[in-house]
Amino acid sequence: MGIDYDTAVAITQRSGAPAGRGQNRALVDAFFEYDVNRKYPKFAAVSFERQWFRVSRDILVPVAPLSVIREHERFVPLFLCGWSQIQLSISQRRLLATVCEDAFLSLTDYLNSPAEFLFFPKNSEGIRESEVWSRGDYDLLPESELNDQVMLYLAAREEARAILAAEKVAADRASDEAGEDTRTSDPTLFDDK
């Protein structure tokens, strides 16, 4: 894909949080091991624009593959998820596929393209192994189910806001009683501005 193994490993060791460098190295190792058999074409990456999945009028979720390659005269978006465990239910897998389809794969350039979803979870020995989904492996959610999931997310977001606001009030009250000022002028986690 245009980057060699040594360069990829070097990047994992000099960027990102130091605590995550070992995990990032293991992910790179697993990816390159997978590529031994998959054989992604070298220097076949093409540019693309990040797209957005609209949750609500004010909430957009960025959706972008790791890369888009040109292979066999077709564009192939490659989505990578670096989680060390994949404990997604079938419904959650369908939701992920639907979001990627809605936001990115529905664009004209990708309508008839294959796409790959690359995961490298750890096995029982703690070694990352490949789990690859292809476009179409999971049925997309019908619009009504997708809307239900969006509504569930929005309700959970409001609950989280209320919990965090209550915790902040309690912390401010405790600090006022102790004579400390813990208030900050930084925006909150859920500030829509």
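By convention here, the first residue in the shown sequence is residue 1. Quick caveat, the model's predicted, so the values are computed rather than measured.
- Tyr138 and Arg94 are not linked by any side-chain donor-acceptor pair at a separation below 3.5 angstrom, with hydrogens and angles left out of the test.
- Glu177 contributes no side-chain N or O that, together with a main-chain N or O of Ala174, makes up a donor-acceptor pair within less than 3.5 Å.
- Between the Asp102 side chain and the Val99 main chain, no donor and acceptor come within less than 3.5 Å of each other.
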For Arg173 and Glu167, what are the C-alpha separation, side-chain angles and deciding distance, and is it a salt bridge (charged side-chain N to carboxylate O under 4.0 Å, His left out)?
CA-CA 10 Å; Arg173 188 174 299 127; Glu167 288 176 354; over 6 Å; no
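- Looking only at distances, no side-chain donor or acceptor of Thr7 sits under 3.5 Å from a matching main-chain atom of Ile3.
- In this structure a side-chain-to-backbone donor-acceptor pair under 3.5 Å is missing from Arg74 to Ser113.
- The side chain to side chain contact (heavy atoms under 4.5 Å, CB included) test with Trp52 is passed by exactly one of Val63, Leu60, Ile59: Leu60.
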Pair Tyr5-Asp29, side-chain contact (heavy atoms from CB on, under 4.5 Å): steps then yes or no:
CA-CA 8 Å; Tyr5 173 77; Asp29 289 344; 2.6 Å; yes
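- Side-chain contact check for Lys122 versus Ser84: some heavy-atom pair is nearer than 4.5 Å.
- A donor-acceptor pair under 3.5 Å is absent between the side-chain atoms of Thr98 and the main chain of Leu140, judged by distance alone.
- Surrounding CG of Asn123 are more than 12 heavy atoms belonging to other residues, nucleotides or ligands, all under 6.0 Å away.
- Distance check: Leu141 CG to Glu143 CD gives 11.5 Å after rounding to the nearest 0.5 Å.
- At a threshold of 4.0 Å, the pair Arg70-Glu73 counts as salt-bridged, since one of the basic side-chain nitrogens sits closer than that to a carboxylate oxygen.
- To the nearest 0.5 angstrom, Arg93 atom CZ is 12.0 Å from Phe117 atom CZ.
- A heavy-atom distance below 4.5 Å is not found between the side chains of Arg161 and Leu164.
- For Asp35 and Lys42, the salt-bridge test passes: some basic side-chain N is under 4.0 Å from an acidic carboxylate O.
- When all heavy atoms of Ala103 and Gln51 are compared, the closest pair comes out as O-CB, 3.0 Å.
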Before giving the answer on side-chain contact (heavy atoms from CB on, under 4.5 Å), spell out for Arg157 and Val55 the whole-Å C-alpha distance, their side-chain angles and the decisive distance to 0.1 Å.
CA-CA 12 Å; Arg157 181 175 180 255; Val55 174; over 6 Å; no
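- The line from SG of Cys81 to CD of Glu131 is 10.0 Å long, rounded to the nearest 0.5 Å.
- Closest approach of Gly82 and Leu27 over heavy atoms only: CA-CD2, 3.9 Å.
- Judged purely by atom type and a 3.5 angstrom limit, Arg21 uses its side chain to pair as donor or acceptor with the backbone of Gln13.
- Distance alone, capped at 3.5 Å, is enough to place a donor-acceptor pair between the Ser175 side chain and the Asp172 backbone.
- The number of heavy atoms from other shown groups lying within 6.0 Å of CD (Glu33) does not exceed 12.
- Between Leu80 and Phe120 the shortest side-chain heavy-atom distance falls below 4.5 Å.
- Between Ile69 and Phe75, the closest side-chain pair of non-hydrogen atoms is not below 4.5 Å.
- Looking at Tyr110 and Pro77, their side chains come closer than 4.5 Å, going by heavy atoms from C-beta outward.
- A salt bridge links Glu101 with Arg135: the distance from a Lys NZ or Arg NE/NH1/NH2 to an Asp or Glu carboxylate oxygen falls below 4.0 Å.
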Going through the checks in order, is the side-chain hydrogen bond (donor to acceptor under 3.5 Å, both in side chains) test met by Tyr40 and Glu116?
CA-CA 12 Å; Tyr40 287 110; Glu116 295 178 17; 2.5 Å; yes
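- Aromatic rings from Trp133 and Phe79 are positioned such that their centres are separated by 6.0 Å or more.
- When hydrophobic clusters are built by joining Ile, Leu, Val, Met, Phe, Trp and Tyr residues whose side-chain heavy atoms come closer than 4.5 Å, directly or via intermediates, Leu88 is grouped together with Ile90.
- Formation of a donor-acceptor pair under 3.5 Å by the Arg128 side chain with backbone atoms of Phe119 is not found in this model.
- Between Val68 and Leu78, the closest side-chain pair of non-hydrogen atoms is not below 4.5 Å.
- For the pair Phe53/Leu146, a side-chain contact is recorded, criterion being any heavy-atom separation below 4.5 Å from C-beta on.
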